[in-house]
S.K.: 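Can you read through this structure? Questions will come right after.
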2 protein chains.
Amino acid sequence: MKRTGSNFKYSKETEELARFSKALGHPARIIILKHLSNQSCCYTGELLDVLPLAQSTISQHLKELKDAGLIDGEVSPPKIKYCIHTENWMKAQKLFDTLFKEDFKKIKCC
Amino acid sequence: MKRTGSNFKYSKETEELARFSKALGHPARIIILKHLSNQSCCYTGELLDVLPLAQSTISQHLKELKDAGLIDGEVSPPKIKYCIHTENWMKAQKLFDTLFKEDFKKIKCC
DNA sequence: ATAGTATATCGCAAATGTACGATTAATATT
DNA sequence: AATATTAATCGTACATTTGCGATATACTAT
């Protein structure tokens with residue numbers, strides 16, 4: 001993002017929604033999230049059986065989800081338990097909800 | 001996406017949700033969508049006043065939103081009216097809703 | 001016909017994303 | 001201590017995204 005000199009700033013909410021969306025913007029990561037929830041939350045590496053990807057690639061996707069704040073990893077040697085980050089997940093839910101609700105107020109026109 | 005030989009396929013829903021998410025994955029595009037809705041739907045190029053981006057860049061973002069199916073453009077010379085693509089928008093709403101609901105069934109664990 | 005307006009598209013540069021295999025790190029088990 | 005297991009990280013290759021200015025297109029108005 002360059003944004004040419006101008007010190008324009010997107011609102012925090014907008015940035016956040018974009019960040020969450022971006023994290024959801026790859027099918028593998030959606031699968032991961034669904035899997036995390038189905039398996040009653042915390043979980044990890046049998047993602048290798050679920051996704052057609054190399055271990056390192058999956059690890060990378062997990063990192064992105066973590067960076068976006070959607071999941072959380074707890075070390076529980078030798079494995080690592082990943083869970084959905086409840087607080088942020090709720091925040092994301094709310095942000096999406098708002099976006100869609102807002103937009104629906106005035107839809108249907110042209 | 002390479003996915004190594006294996007002819008794995010993500011489900012249509014997963015692909016779709018990822019596609020919508022990706023389109024929402026940039027603050028400028030979220031602004032555009034919000035703007036489209038606020039201005040009672042159809043609209044166009046005063047996005048130049050709303051966003052700190054070059055006209056060509058905005059045009060590109062619009063194209064991406066259109067490719068993702070979230071908006072629709074109707075020529076109305078000399079301008080072009082953009083609207084939210086109601087049908088797909090509702091579909092997106094439903095997909096996000098399902099994702100969050102699903103995940104909430106079993107949340108709160110670790 | 002000419003000029004003007006609104007947008008799209010092209011060509012480019014830089015940054016980011018996706019994927020892999022190989023390596024490293026941390027811990028558990030023997 | 002040596003080995004095995006799990007997962008992160010590194011280095012690399014290639015694709016995609018983001019942004020810009022310049023140019024092309026399409027239509028209006030003069």
Side-chain angles (χ1 to χ4, degrees), chain A residues 1-8 10 14-15 18-32 35-36 39 42-68 70-83, chain B residues 1-8 10 14-15 18-32 35-36 39 42-68 70-83:
Chain A
M1 261 160 262
K2 216 190 301 181
R3 253 172 273 151
T4 345
S6 84
N7 43 0
F8 179 93
Y10 293 108
T14 298
E15 293 272 15
R19 188 162 53 86
F20 289 141
S21 298
K22 202 170 178 183
L24 290 170
H26 191 291
R29 293 196 288 269
I30 288 179
I31 302 259
I32 290 174
H35 195 75
L36 280 183
Q39 304 297 320
C42 314
Y43 235 92
T44 182
E46 77 275 9
L47 292 170
L48 278 166
D49 300 329
V50 178
L51 289 165
L53 297 170
Q55 179 263 321
S56 58
T57 305
I58 290 175
S59 203
Q60 236 173 211
H61 282 304
L62 285 168
K63 183 168 155 38
E64 271 177 74
L65 286 171
K66 201 159 65 177
D67 288 348
L70 290 175
I71 66 173
D72 220 1
E74 289 179 32
V75 189
S76 155
K79 305 193 183 185
I80 295 190
K81 281 209 293 189
Y82 278 107
C83 329
Chain B
M1 263 161 258
K2 217 191 298 180
R3 253 172 272 150
T4 345
S6 83
N7 42 1
F8 180 92
Y10 292 109
T14 298
E15 293 272 15
R19 187 163 54 86
F20 288 141
S21 298
K22 202 170 179 182
L24 290 170
H26 191 290
R29 292 196 288 269
I30 288 179
I31 302 260
I32 290 174
H35 195 75
L36 280 183
Q39 303 298 320
C42 315
Y43 235 91
T44 182
E46 78 274 10
L47 292 169
L48 277 165
D49 300 329
V50 178
L51 290 165
L53 297 169
Q55 178 263 320
S56 59
T57 306
I58 291 175
S59 203
Q60 236 172 212
H61 282 303
L62 286 168
K63 183 169 156 37
E64 271 177 75
L65 286 171
K66 201 159 66 177
D67 288 348
L70 289 175
I71 65 173
D72 220 2
E74 288 179 31
V75 189
S76 154
K79 304 194 183 185
I80 296 190
K81 281 209 293 191
Y82 278 106
C83 328

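Remember, predicted model here, so these are calculated numbers, not experimental data. Naming convention: chains lettered A, B, ... in sequence-line order (proteins, then strands); numbering from 1 in each chain.
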S.K.: Between B:I58 (CD1) and C:dT9 (C1'), how many Å, whole number?
M.R.: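 The distance from CD1 of B:I58 to C1' of C:dT9 comes to 16 Å, rounded to the nearest Å.
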S.K.: Consider the side chain of B:I80, meaning its heavy atoms from C-beta on, and name the nucleotide among C:dT9, C:dT7, D:dT9 that approaches it most closely.
M.R.: C:dT7
S.K.: Take the protein atom CD of A:E64 and the nucleotide atom C1' of D:dT9, then report the distance between them rounded to whole Å.
M.R.: 14 Å
S.K.: With a 4.0 Å cutoff (strictly under), does any side-chain N or O of B:H61 reach OP1 or OP2 of D:dT17?
M.R.: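 Answer no for this pair, as no side-chain N or O of B:H61 is under 4.0 Å from OP1 or OP2.
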S.K.: Could you state the CD-C1' distance from B:E74 to D:dA26, rounded to the nearest angstrom?
M.R.: 17 Å
S.K.: Using modelled atom types only, decide if a donor and an acceptor are shared between the side chain of B:R29 and the backbone of B:H61 within a distance under 3.5 Å.
M.R.: no
S.K.: What's the closest nucleotide to the side chain of A:L53 if the choices are D:dG21, C:dA19, D:dT18?
M.R.: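 The listed nucleotide nearest to A:L53's side chain is C:dA19.
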S.K.: Any idea which of D:dG21, C:dT18, C:dG21 is nearest the A:S56 side chain?
M.R.: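 Among D:dG21, C:dT18, C:dG21, the one nearest the side chain of A:S56 is C:dG21.
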S.K.: Which class fits the ring pair B:H26 and A:Y10: parallel under 30°, tilted 30 to 60°, perpendicular over 60°?
M.R.: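 The arrangement is perpendicular - the two ring planes meet at more than 60°.
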S.K.: Can you list the steps and then say if B:L47 with B:L62 is a side chain to side chain contact (heavy atoms under 4.5 Å, CB included)?
M.R.: CA-CA 10 Å; B:L47 292 169; B:L62 286 168; 4.2 Å; yes
S.K.: Would you compute the distance between atom CD of B:E64 and atom OG of B:S59 and round it to the nearest 0.5 angstrom?
M.R.: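 Between B:E64 CD and B:S59 OG, I get 11.0 Å after rounding to 0.5 Å.
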S.K.: Assign A:Q55 to base, sugar-phosphate, or nothing according to its heavy-atom contacts below 4.0 angstrom with the strands shown.
M.R.: base
S.K.: Would you mind reading off the distance between B:K81 atom NZ and D:dC27 atom C1', rounded to a whole angstrom?
M.R.: 17 Å
S.K.: Distance check needed: D:dA7 C1' versus A:L62 CG, whole Å only.
M.R.: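 Rounding to the nearest Å, CG of A:L62 and C1' of D:dA7 are 9 Å apart.
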S.K.: Side-chain N or O of B:K22 less than 4.0 angstrom from OP1 or OP2 on D:dT17?
M.R.: yes
S.K.: Could you tell me the separation between the CD atom of A:E46 and the P atom of D:dT5, rounded to a whole number of Å?
M.R.: 17 Å
S.K.: Flag the pair A:I32 / A:L51 as yes when at least one side-chain heavy-atom distance between them is below 4.5 Å, and no otherwise.
M.R.: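 Contact flag for A:I32/A:L51 side chains = yes.
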S.K.: Less than 4.0 angstrom between a side-chain N/O of B:Y82 and OP1 or OP2 of C:dA6, yes or no?
M.R.: no
S.K.: Counting side-chain heavy atoms from CB outward, which of C:dC20, D:dT18, D:dA7 is closest to B:Q60?
M.R.: D:dT18
S.K.: Is any side-chain N or O of B:K63 closer than 4.0 Å to OP1 or OP2 of C:dT7?
M.R.: no
S.K.: Whole-Å distance between C:dA15 P and B:H26 NE2?
M.R.: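 To the nearest whole Å, that distance equals 15 Å.
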S.K.: Between atom CG in B:D49 and atom P in C:dA6, what is the gap in whole Å?
M.R.: 11 Å
S.K.: Using OP1 and OP2 only, check whether a side-chain N or O of B:S59 sits under 4.0 Å from C:dA8.
M.R.: yes
